[in-house]
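The structure appears right after this line, and notes come after that.
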Amino acid sequence: LNTFTALSLYYGGIKVTSSDSTPEITIDQLKLQTALEKKGSEDSWGIKKEIKIRGLHLSNSSINEFIPSTINLSTTLDNIPLTHVTDIIKSLAAQSGNANGQKIQALGAMMTLPQILAEAGTTFNLTNTKISNTLYDINANSTFKADPQSAIGVTGELNLNIDGLNKIE
């Protein structure tokens, strides 16, 4: 049985003001969502984060035409071996009073965590990501997989498309 837990927050008509000459910021719509999903195996979890902003405006600003009017960001982190990761965190916390022990535990975690994530098939995905206004449109999608053989611990692909650069002067 898969479990799904989500927290969604929706706001409208947000206004941020300051007592100094900082421009007032208004946002017509804001959506923040976080979801935690148990995947097929007993120890496999996924985390999804989503942010959507519509109608972002700065008052009295000469750069308003460059400010994005729409921002969508959607990420997922899938196949997280939660038990293994929390065991590593608990082990580090148990050494909190011992600086040398904590350093050794942290080094061990840095060495084993990439392998644990790779064996679990952990992936990071960026989907349907968009930043745009009337001048430009930026779209991005990516998939990265844990890879202990990589110098940075992941390998993957990022697709980025930018339209409208010729309009910006």
Side-chain angles (χ1 to χ4, degrees), residues 1-12 14 27-56 67-133 136-165:
L1 178 68
N2 291 348
T3 60
F4 187 79
T5 304
L7 173 64
S8 298
L9 303 171
Y10 298 90
Y11 299 97
I14 298 169
I27 300 173
D28 296 340
Q29 298 175 346
L30 173 64
K31 174 187 176 186
L32 304 171
Q33 183 175 33
T34 299
L36 179 64
E37 180 181 17
K38 188 169 184 346
K39 299 293 184 173
S41 74
E42 185 176 314
D43 188 37
S44 184
W45 290 82
I47 299 172
K48 179 180 180 180
K49 300 261 185 199
E50 186 174 9
I51 300 171
K52 288 186 178 185
I53 298 173
R54 301 281 184 275
L56 178 63
I67 301 296
S69 59
T70 300
I71 300 172
N72 292 340
L73 175 63
S74 182
T75 64
T76 58
L77 186 58
D78 284 323
N79 301 320
I80 304 165
L82 201 55
T83 302
H84 285 92
V85 173
T86 54
D87 286 348
I88 290 170
I89 293 168
K90 287 177 189 176
S91 176
L92 287 170
Q95 295 291 331
S96 63
N98 180 350
N100 287 334
Q102 195 172 27
K103 288 176 187 176
I104 292 169
Q105 287 289 100
L107 182 58
M110 287 176 32
M111 301 297 283
T112 59
L113 190 58
Q115 185 65 39
I116 290 168
L117 295 176
E119 288 172 2
T122 302
T123 59
F124 173 81
N125 302 291
L126 182 67
T127 56
N128 302 319
T129 295
K130 180 177 184 165
I131 300 172
S132 65
N133 73 7
Y136 59 83
D137 191 26
I138 302 170
N139 293 285
N141 291 293
S142 70
T143 299
F144 293 96
K145 288 184 157 193
D147 182 354
Q149 304 305 314
S150 167
I152 60 172
V154 297
T155 55
E157 183 177 300
L158 170 66
N159 297 306
L160 181 66
N161 184 41
I162 304 173
D163 290 326
L165 287 176

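Computed from a predicted structure; not experimentally measured.
- Legend: residues meeting side chain to side chain donor-acceptor pair (under 3.5 Å) with T34, ordered by chain and number and at least two apart, are K49.
- Taken from NZ in K31 to CG in L9, the straight-line distance is 10.5 Å, to the nearest 0.5 Å.
- Legend: residues meeting side chain to side chain donor-acceptor pair (under 3.5 Å) with N128, ordered by chain and number and at least two apart, are absent.
- Under the rule for a side chain to side chain donor-acceptor pair (under 3.5 Å), D147 has no partner lying at least two apart in sequence or in another chain.
- Considering CG of L126 and OG of S74, their distance stands at 8.0 Å, rounded to 0.5 Å.
- The salt bridge (Lys or Arg N to Asp or Glu O under 4.0 Å) check on K145 picks up nothing, with sequence neighbours excluded.
- Under the side-chain contact (heavy atoms from CB on, under 4.5 Å) criterion, I131 pairs with P68, I71, Y136, I138, not counting sequence neighbours.
- Of the candidates N72, L30, I27, N72 is the only one forming a side-chain contact (heavy atoms from CB on, under 4.5 Å) with R54.
- When all heavy atoms of N79 and T122 are compared, the pair lying nearest together is O-OG1, 2.6 Å.
- Separation of atoms CD1 (I47) and CZ (F124) is listed at 11.0 Å; rounding is to 0.5 Å.
- Contact between N141 and T127 at its shortest, heavy atoms only, is OD1-CA, 3.3 Å.
- Under the side chain to side chain donor-acceptor pair (under 3.5 Å) criterion, T143 pairs with N125, sequence neighbours left out.
- With sequence neighbours left out, the side-chain contact (heavy atoms from CB on, under 4.5 Å) criterion links Q115 to E119, P148.
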For residues 152-161, dump all side-chain donor-acceptor pairs below 3.5 Å to protein atoms at least two apart in sequence or in another chain.
from	atom 1	to	atom 2	distance (Å)
E157	OE2	N159	ND2	3.3
N161	ND2	D163	OD2	3.4

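- Once rounded to the nearest 0.5 Å, the distance linking CG of L77 with CG of L117 reads 8.0 Å.
- Applying the salt bridge (Lys or Arg N to Asp or Glu O under 4.0 Å) test to pairs two or more places apart or on separate chains, those with a residue in residues 69-88 are K39-D78.
- A 4.5 Å side-chain heavy-atom check between K48 and E37 finds every atom pair outside the cut-off.
- For the atom pair NZ of K52 and CD of E50, the computed distance is 4.5 Å after rounding to the nearest 0.5 Å.
- With values rounded to the nearest 0.5 angstrom, S69 atom OG is found 5.5 Å from N133 atom CG.
- The shortest non-hydrogen separation linking P81 to I116 is CG-CG2, 3.7 Å.
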